[in-house]
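See below for the structure under consideration.
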Amino acid sequence: MTAAGDEHAERFTLLRPLLFTVAYEILGSATEADDVLQDSYLRWAEVDLTRVRDTKSYLAQLVTRQALNTLRAGARRREEYVGPWLPEPLLLDDQDPSADVVLAESVSMAMLVLLETLTPDERAVFVLREVFGFEYAEIAAAVGKPAPTVRQVAHRAREHVRARRKRFDATDPQRNARITMQFLQTAAGGDVEALMALLAPDATWTADSGGKVSAARRPVVGAARVAAAIAGLMRKGGARLRTEMVTCNSAPAVLFYLDGRLEGVITVEIVQDKITNFYVMRNPDKLVTLAAARDISRR
């Protein structure tokens, strides 16, 4: 590798956590984000560095353009998806959600699901502006629109998200982890009434299987129905079932195994000490990225 090649690699590697986070938040897929970064690096390696005034801005724009291309190309696949579509869960290692609440909320399952309701341009503009704090001129260069138009898009996206955003609570990760552990222990005991006491009245169980494994094709809503479904699943798994607590998308999560094989992950959303949502990933194609923890960043 030449000296110039070394510098390309050094600059890209330094910003990789941020660039991955940008791509992941635009796409909701770690697999696609990895592909975008690989393609972006190949393009970056051909750039004359003497013409790059701001490496972070330049690379963020490059990654955003590639992510938008990928998002638009995959729109038809998502329309034809079997059952609920959920983002790929992101396994995080030793990252305290309370250390950067904006980052934690931006990769939460609830936020990523909400971002799915935006247009591709709205999603990219919202992420770059509200999460990463880029200037409108920088965002305009990334999405290929004039800065005044980008301001309008940002306002529209911000109002859309604000109207639908749920409360996000990452102030006490240890407490949320304890509640999740209590849920696991109660679920193992099969006491439906005790389970219901841990759930919000409108608790929801949403499972993504892509039609490839068995899972509810529609969300299960209501504490009684969700508790009964969980108790039934635990009974069905019996002694073959093993669980492991981890952190996914800045929230407590549970990996569950049958006969030693990873069958899925449940990411838990907790508000005011009650579990409000279970995001259940069963699609085997979306479980692949759980093999390794990821670094995310806004810097």
Side-chain angles (χ1 to χ4, degrees), residues 8-42 44-45 59-60 63 66-67 70-71 74 85-100 103-113 115 127 131-132 170 173 176-177 180-181 184 207-210 212-213 241-269 278-299:
H8 279 94
E10 182 178 344
R11 293 194 194 187
F12 195 91
T13 300
L14 183 65
L15 290 168
R16 187 179 182 89
L18 177 143
L19 299 174
F20 172 81
T21 310
V22 169
Y24 176 71
E25 293 192 15
I26 292 175
L27 293 164
S29 167
T31 303
E32 291 179 343
D34 285 337
D35 291 341
V36 162
L37 259 62
Q38 182 175 1
D39 185 62
S40 296
Y41 181 76
L42 293 176
W44 166 246
L59 283 173
V63 166
Q66 297 307 113
T70 300
L71 187 61
W85 186 96
L86 290 176
E88 281 185 8
L90 197 66
L91 182 64
L92 302 178
D93 187 20
D94 297 330
Q95 194 144 8
D96 182 358
S98 64
D100 187 339
L103 178 62
E105 181 183 21
S106 71
V107 298
S108 69
M109 278 290 174
M111 178 58 76
L112 291 172
V113 169
L115 291 180
V127 166
V131 180
F132 297 95
N176 289 345
T180 304
M181 180 59 71
L184 276 177
D208 177 338
S209 70
K212 299 184 177 183
V213 295
L241 180 66
R242 180 175 70 83
T243 60
E244 176 187 354
M245 274 196 60
V246 294
T247 298
C248 284
N249 298 83
S250 299
V254 180
L255 303 178
F256 58 96
Y257 301 81
L258 280 177
D259 298 325
R261 177 178 176 176
L262 179 63
E263 292 290 331
V265 58
I266 304 171
T267 305
V268 181
E269 183 179 72
F278 297 92
Y279 299 102
V280 187
M281 182 53 65
R282 295 275 287 121
N283 185 337
D285 294 341
K286 294 186 179 183
L287 295 174
V288 175
T289 55
L290 291 173
R294 301 302 187 105
D295 289 327
I296 58 174
S297 176
R298 289 197 299 139
R299 310 298 179 197

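Both backbone and side-chain heavy atoms feed into the values below; hydrogens, waters and symmetry mates do not. Along the sequence shown, residues are numbered consecutively beginning with 1.
In this structure, CE in Met281 is found 4.5 Å from NZ in Lys286, a value given to the nearest 0.5 Å. Atom CZ of Arg298 is separated from atom CG of Leu18 by 10.0 Å, given to the nearest 0.5 angstrom. Between Leu14 atom CG and Leu19 atom CG the span is 9.5 Å, to the nearest 0.5 Å. Note that OG of Ser29 and CG of Leu86 are 12.5 Å apart. Values are rounded to the nearest 0.5 Å.
Under a cutoff of 6.0 Å and an axis angle of 45°, Arg242 and Tyr257 form a cation-pi pair.
Counting heavy atoms from C-beta on, the side chains of Asp35 and Asp39 never come closer than 4.5 Å. You'll find the side chain of Leu59 stays beyond 4.5 Å of the side chain of Tyr41, heavy atoms only. Residues Phe132 and Thr21 form a side-chain contact, since some pair of their non-hydrogen atoms from C-beta on lies under 4.5 Å apart. Within the 4.5 Å cutoff, the side chain of Thr247 has no heavy atoms near those of the Pro252 side chain. Contact annotation: the side chain of Leu241 never approaches that of Asp259 to less than 4.5 Å [non-hydrogen atoms, C-beta and beyond]. In this structure the side chain of Cys248 never reaches within 4.5 angstrom of the side chain of Leu90, judged on heavy atoms. Residues Val254 and Glu244 have side chains not in contact (no heavy-atom distance under 4.5 Å, counting atoms from C-beta outward).
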Please assess Leu255 against Thr243 for the test side-chain contact (heavy atoms from CB on, under 4.5 Å), listing each intermediate value before the final yes or no. CA-CA 6 Å; Leu255 303 178; Thr243 60; over 6 Å; no

After noting the C-alpha distance and the side-chain angles of Val131 and Glu25, does the key distance pass the side-chain contact (heavy atoms from CB on, under 4.5 Å) rule? CA-CA 10 Å; Val131 180; Glu25 293 192 15; 3.6 Å; yes

Side chain to side chain donor-acceptor pair (under 3.5 Å) evaluation trace for Gln66 with Ser40: CA-CA 7 Å; Gln66 297 307 113; Ser40 296; 5.3 Å; no

Please assess Leu91 against Arg294 for the test side-chain contact (heavy atoms from CB on, under 4.5 Å), listing each intermediate value before the final yes or no. CA-CA 6 Å; Leu91 182 64; Arg294 301 302 187 105; 6.0 Å; no

Starting from the C-alpha separation in whole Å, work towards a yes-or-no answer on side-chain contact (heavy atoms from CB on, under 4.5 Å) for Phe20 and Val63. CA-CA 9 Å; Phe20 172 81; Val63 166; over 6 Å; no

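Of all heavy-atom pairs between Val265 and Phe256, the closest is N-CE2, 3.6 Å. Across every non-hydrogen atom of Met109 and Tyr279, the tightest pair is CB-CD1, 3.5 Å. Smallest separation of non-hydrogen atoms from Gly210 and Asn283: CA-ND2, 3.9 Å. Scanning both residues, Ser250 and Ala104, for their nearest heavy atoms gives OG-CA, 3.4 Å. The two residues Thr289 and Ala30 make their nearest non-hydrogen contact at CG2-CB, 3.9 Å. Closest approach of Pro284 and Val213 over heavy atoms only: CD-CG1, 4.2 Å.
Screening Asp34, Leu37, Asn249 for a side-chain contact (heavy atoms from CB on, under 4.5 Å) with Tyr24, the sole residue that qualifies is Asn249.
Between the Trp85 side chain and the Asp208 main chain, no donor and acceptor come within less than 3.5 Å of each other. In this structure a side-chain-to-backbone donor-acceptor pair under 3.5 Å is present from Arg282 to Glu263. A donor-acceptor contact shorter than 3.5 Å links the side chain of Glu88 to the backbone of Thr31.
With sequence neighbours left out, the side-chain contact (heavy atoms from CB on, under 4.5 Å) criterion links Thr70 to Leu27, Glu32, Val36. Remark: Val288 engages no residue in a side-chain contact (heavy atoms from CB on, under 4.5 Å) (not counting sequence neighbours).
Screening residues 8-20 for salt bridge (Lys or Arg N to Asp or Glu O under 4.0 Å), with sequence neighbours left out, gives Glu7-Arg11.
Ser108 and Glu269 form no side-chain donor-acceptor contact under 3.5 Å, judged by distance and modelled atom types alone.
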